[in-house]
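Just so it is clear, the values below take in all heavy atoms, side chains as well, and ignore hydrogens, waters and symmetry mates. Numbers restart at 1 for each chain; the letters A, B, ... are given by sequence-line order, proteins then strands. Keep in mind the model is a prediction, meaning the values are calculated, not measured.
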Amino acid sequence: MGGARTALFNWLYARHQEGTFILRIEDTDKERSTDASIEEILESMRWLGLDWDEYYRQTDRTDAHLRAAQDLMDRGLAYEADGAWWFRVPTEGSTIVHDDLLGDVTFPNDLLKDFVIRRSDGSFIYHFVVVVDDADMEITHVIRGDDHLNNTPKHVLLFQALGRPVPRFVHLPMILGTDRTRLSKRHGDTAVLEYRHRGFLPEAMVNFLAKLGWSHGDEEVFSRQALIALFSLDEVNKSGAIFEDTKLLWLNQQHMKLADLDRLLDLVRPWILEPGRVNEEMWNTVDQEVLRVGAHLLRDRCKTLRDLAQAMELLFDVPLEPIDEIIVSAIQAPLMIAVAEQLECTDPFDPESIERDMRAALEANGATLKDVALASRLAVTGRRAGPGLFEILAAIGRNLVTARLREAAQGAGE
RNA sequence: GUCCCCAUCAUCUAGCGGCCUAGGAUACCGGGUUUUCAUCCCGGCGGCAGGGGUUCAAAUCCCCUUGGGGACGCCA
């Protein structure tokens with residue numbers, strides 16, 4: 001999650017500046033960097049919509065690393081010991097890191113020790129490779145996590161030894177878990193893709209992550225375009241933030257309300273099909289307008305795509321999965337039959353006509369809407385709560401509505 | 001232990017010396033709207049870690065303490 005936030009800030013900065021966003025996989029540790037772990041990173045980036053202009057793996061650039069290391073050896077700035085190549089750190093003076101966020105941070109050199117740049121097996125160490133790559137790729141801004149601040153003097157020294165300009169640094173504060181320690185797999189860090197699985201919208205995740213450390217006055221809800229337009233390093237915070245998903249849930253709801261309806265339907269589709277009650281054919285043959293209107297009515301009370309999918313199931317011709325018990329009294333049953341009969345001829349089948357005809361039918365039977373409102377809602381939707389009765393009836397459609405009314409009336413008193 | 005960073009409500013934060021008896025958002029609690037629920041609107045709860053300075057004036061600047069985090073690998 002921390003990596004995603006770092007990637008996002010880099011991406012926002014690059015896009016805002018209309019610069020180049022390079023995705024570089026730091027795979028110099030064979031143990032850590034597997035095809036699966038790299039694929040997860042790529043898929044997370046794709047899901048979040050963080051598109052890249054160039055792509056590298058550091059291990060693809062070994063030739064360049066070797067040339068740079070050999071250069072240091074040739075000039076006596078590095079030496080070999082125990083089969084590894086070591087960078088010689090000056091014993092005197094100090095190294096200053098100019099950080100655009102934190103200001104100047106001074107590290108006495110005598111506290112730094114010589115460090116390995118090339119392992120005895122011939123592979124290179126991250127600290128060395130990252131500097132060579134940044135220099136070769138003419139990276140202007142190094143925006144990364146706070147945990148790298150202590151490594152930065154090493155990097156500065158290497159840039160200087162290589163005779164290359166030192167880029168600008170921005171060290172972002174850590175994202176903390178609810179236990180206040182750095183977010184890690186052991187302490188409740190959830191993979192980015194897990195949030196996709198939980199039914200979050202990528203733009204909500206992006207909005208949330210952006211706000212974790214960046215703020216723009218009192219504004220809370222940002223579209224991707226707005227973030228690109230407004231993002232500025234000047235508005236980045238210096239202190240660590242705890243990752244709590246209560247606000248993420250709220251943001252997701254906000255973005256679901258903002259989302260284009262057709263896109264929302266595409267996104268919610270897998271969740272509706274997943275339980276298996278609604279199949280592909282039913283999805284394809286149902287009136288699209290039913291889905292659009294239904295999604296529009298239902299999304300106001302949903303936090304995630306999962307919630308929405310569960311709610312939208314009632315739009316399909318499948319047995320209701322009642323959330324609340326459907327209770328129809330012996331007195332209500334004939335009234336509901338009368339309503340069903342009336343609705344067979346209601347035309348058009350829209351909220352206004354339904355309300356008018358329903359009230360008329362009830363009045364003709366000496367009853368009022370109040371007598372059957374809740375029972376009808378339960379019969380047709382399987383729950384006590386939901387959108388306006390006439391709106392949801394109209395959205396569900398005549399056939400399902402009348403069938404469910406009759407079915408519930410028949411089961412009355414059981 | 002050594003070094004580095006950070007410090008405003010439970011959480012995310014605004015604040016860059018006077019506009020602050022500290023503003024917004026989430027969460028929570030009330031009220032309104034809604035035939036229901038949600039949305040929405042209104043209100044409430046709740047914080048400048050502590051102590052010294054500097055200044056006419058400090059949440060804002062400086063120092064100390066405390067607290068939190070991070071780094072000290074032939075990991076990144």
Side-chain angles (χ1 to χ4, degrees), chain A residues 3 25-33 37 58 81-86 97 99 101-103 105-108 110-113 115-130 144-154 171-183 208-221 234-235 237-251 253-254 256-257 297-303 307 311 323-324 355 359 368-374 376-378 381 383-392:
Chain A
I25 302 293
E26 300 178 337
D27 59 347
T28 47
D29 182 351
K30 295 186 194 74
E31 299 290 307
R32 253 163 76 149
S33 198
S37 68
Q58 288 188 311
D82 298 323
W85 292 8
W86 298 71
V97 173
D99 187 288
L101 183 62
L102 304 174
V105 185
T106 305
F107 297 86
D110 58 357
L111 257 27
L112 263 39
K113 293 174 298 202
F115 56 91
V116 172
I117 58 176
R118 190 187 193 197
R119 299 185 184 90
S120 46
D121 71 359
S123 63
F124 289 94
I125 293 287
Y126 163 81
H127 297 301
F128 178 68
V129 161
V130 78
R144 63 190 6 166
D146 219 348
D147 50 338
H148 273 299
L149 182 59
N150 291 289
N151 296 323
T152 308
K154 293 181 185 176
H171 286 95
L172 267 15
M174 295 280 89
I175 298 179
L176 279 16
T178 43
D179 61 355
R180 296 214 69 94
T181 65
R182 176 188 178 176
L183 215 49
F208 180 72
L209 249 19
K211 287 276 302 168
L212 224 49
W214 173 82
S215 62
H216 187 70
D218 288 337
E219 288 182 62
E220 297 287 339
V221 181
D234 296 337
E235 295 174 313
N237 219 54
K238 288 198 282 191
S239 51
I242 294 176
F243 187 103
E244 261 198 0
D245 55 14
T246 46
K247 198 167 191 168
L248 172 59
L249 246 5
W250 174 79
L251 270 175
Q253 183 173 35
Q254 299 303 310
M256 288 219 297
K257 287 160 66 175
L297 288 173
L298 263 5
R299 65 174 165 183
D300 275 354
R301 60 223 86 212
C302 298
K303 301 273 193 208
D307 299 342
I323 301 290
D324 302 302
E355 174 167 15
R359 286 185 190 278
T368 66
L369 180 65
K370 220 176 146 186
D371 296 320
V372 294
L374 179 60
S376 302
R377 174 188 294 286
L378 280 164
T381 71
R383 55 206 78 190
R384 315 177 66 90
L389 181 60
F390 312 116
E391 279 77 18
I392 193 65

* Structure fact -> Taken in chain and number order and not counting sequence neighbours, the residues that satisfy ring-ring contact (aromatic ring centres under 6.0 Å, His included) with A:Phe107 are none

* **Pairing residues for A:Trp250 by the ring-ring contact (aromatic ring centres under 6.0 Å, His included) criterion, not counting sequence neighbours** => none

* Is it true that A:Phe115 and A:Phe128 have ring centroids separated by less than 6.0 Å? -> no

* Once you apply the 3.5 Å cut-off to both distances, tell me the Watson-Crick or G-U wobble partner of B:U35, or none. => none

* Can you check the A:Asn150 CG to B:G70 P distance for me, whole Å? -> 12 Å

* Contact class for A:Phe115 (heavy atom, under 4.0 Å): base, sugar-phosphate, or nothing? -> nothing

* To do: Could you work out the separation of B:A58 and B:G52 based on their P atoms and round it to a whole Å?
  => 13 Å

* Asked: Over how many whole Å does the gap from A:Arg182 atom CZ to B:C75 atom C1' extend?
  -> 11 Å

* To do: Pick the P atom in B:C9 and in B:G23, then give their distance to the nearest Å.
  => 14 Å

* Asked: Rounding to the closest angstrom, what is the interatomic distance between B:A25 and B:C6 at atom P?
  -> 29 Å

* Structure fact -> Paired to B:A7 by Watson-Crick or G-U wobble criteria (both distances under 3.5 Å) is B:U66

* To do: Examine distances only and state if a side-chain atom of A:Asp82 and a backbone atom of A:Ala84 form a donor-acceptor pair shorter than 3.5 Å.
  => no

* Please list, chain by chain and in numerical order, all residues satisfying salt bridge (charged side-chain N to carboxylate O under 4.0 Å, His left out) with A:Arg359, sequence neighbours excluded. => A:Glu355

* Asked: Can you find an N or O donor on one side and an acceptor on the other, under 3.5 Å apart, linking the side chain of A:Asp146 with the base of B:A71?
  -> no

* With C1' as the reference atom in both, quote the distance from B:C41 to B:U34 in angstrom, rounded to an integer. => 12 Å

For nucleotides 11-15 of chain B, tabulate all protein N/O to nucleotide N/O atom pairs closer than 3.5 Å, reporting atom names and distance.
| residue | atom | partner | partner atom | Å |
| --- | --- | --- | --- | --- |
| B:C12 | OP1 | A:Ile242 | N | 2.8 |
| B:C12 | O2' | A:Lys211 | O | 3.3 |
| B:C12 | O2 | A:Lys247 | NZ | 3.0 |
| B:U13 | OP1 | A:Gly213 | N | 3.0 |
| B:U13 | O3' | A:Ser215 | OG | 3.2 |
| B:A14 | OP1 | A:Ser215 | OG | 3.0 |
| B:A14 | OP1 | A:Asn237 | OD1 | 3.3 |
| B:A14 | OP2 | A:Asn237 | OD1 | 3.1 |

* Can you sort out the partners of A:Asp147 under side chain to side chain contact (heavy atoms under 4.5 Å, CB included), two or more places apart, ordered by chain and number? => A:Met174, A:Arg182

* **Rounded C1' spacing from B:G68 to B:G73 in Å** => 25 Å

* Asked: Should A:Lys154 be listed as having a side-chain N or O under 4.0 Å from OP1 or OP2 of B:C72?
  -> no

* To do: For A:Asp300, check side chain to side chain contact (heavy atoms under 4.5 Å, CB included) against everything at least two apart and list the hits.
  => A:Lys257

* Rounded distance in Å - CE (A:Met174) to P (B:G70) -> 9 Å

* Structure fact -> One should read off an interatomic distance between A:Asp307 CG and A:Leu298 CG, to the nearest 0.5 angstrom, of 10.5 Å

* Can you name the side chain to side chain contact (heavy atoms under 4.5 Å, CB included) partners of A:Ser123, sequence neighbours left out? -> A:Lys30, A:Arg119, A:Asp121

* **5′-ward residue of the pair A:Thr28/A:Gln253 relative to RNA chain B** => A:Gln253

* B:C19 versus B:C61 - spacing of their P atoms, nearest Å -> 16 Å

All N/O contacts under 3.5 Å from nucleotides 40-48 of chain B to the protein, with atom names and distances to one decimal?
| residue | atom | partner | partner atom | Å |
| --- | --- | --- | --- | --- |
| B:C40 | OP1 | A:Lys257 | NZ | 3.4 |

* Span that lies between the C1' atom of B:C74 and that of B:C12, in whole angstrom -> 41 Å

* Just checking A:His127: base, sugar-phosphate only, or nothing, at a heavy-atom cut-off of under 4.0 Å? -> base

* Looking at residues at least two apart in the chain, or sitting in another chain, which of them share a salt bridge (charged side-chain N to carboxylate O under 4.0 Å, His left out) with A:Glu219? -> none

* For A:Asp324, enumerate each residue passing the side chain to side chain contact (heavy atoms under 4.5 Å, CB included) test, keeping only those at least two apart in sequence or located in another chain. => A:Leu378, A:Arg383, A:Arg384

* Shortest side-chain distance from A:Thr181, nucleotide among B:C74, B:C4, B:G69 -> B:G69

* To do: Whole angstrom is fine here: how far is it from CG in A:Asn151 over to C1' in B:C5?
  => 13 Å

* Separation of atom CG in A:Leu149 from atom C1' in B:C4, rounded to whole Å -> 6 Å

* Atom-pair distance (CZ on A:Arg144; C1' on B:A71), nearest Å -> 13 Å

* Could you tell me the separation between the CG atom of A:Leu102 and the P atom of B:G69, rounded to a whole number of Å? => 18 Å

Might you list the N or O atoms of the protein lying below 3.5 Å from N or O atoms in nucleotides 33-37 of chain B, with each pair's distance?
| residue | atom | partner | partner atom | Å |
| --- | --- | --- | --- | --- |
| B:U35 | O4 | A:Leu389 | N | 3.1 |
| B:U36 | O2 | A:Arg384 | O | 3.1 |
| B:U36 | O2 | A:Gly386 | N | 3.0 |
| B:U36 | N3 | A:Arg377 | NH2 | 3.0 |
| B:U36 | N3 | A:Gly386 | O | 2.6 |
| B:U36 | O4 | A:Gly386 | O | 3.1 |
| B:U36 | O4 | A:Pro387 | O | 3.1 |
| B:U36 | O4 | A:Gly388 | N | 3.1 |
| B:C37 | O2 | A:Arg301 | NH1 | 2.6 |
| B:C37 | N3 | A:Arg301 | NH1 | 2.4 |
| B:C37 | N3 | A:Gly386 | O | 3.0 |

* Assess whether side-chain contact (heavy atoms from CB on, under 4.5 Å) is satisfied between A:Asp29 and A:Tyr126, documenting all intermediate values. => CA-CA 8 Å; A:Asp29 182 351; A:Tyr126 163 81; over 6 Å; no

* If you check every side-chain atom of A:Lys113, which of B:A76, B:A27, B:C72 has the closest atom? -> B:C72

* Please state how far atom CD1 in A:Ile392 lies from atom C1' in B:U39, giving the value in whole angstrom units. => 15 Å

* Structure fact -> By salt bridge (charged side-chain N to carboxylate O under 4.0 Å, His left out), A:Lys154 pairs with (sequence neighbours left out) none

* **A:Ile242 side, atom CD1; A:Ile175 side, atom CD1 - distance, nearest 0.5 Å** => 11.5 Å

* Which value, in whole Å, describes the distance between the C1' atoms of nucleotides B:G46 and B:U13? -> 15 Å

* Who pairs with B:G43 - Watson-Crick or G-U, where each distance is under 3.5 Å -> B:C29

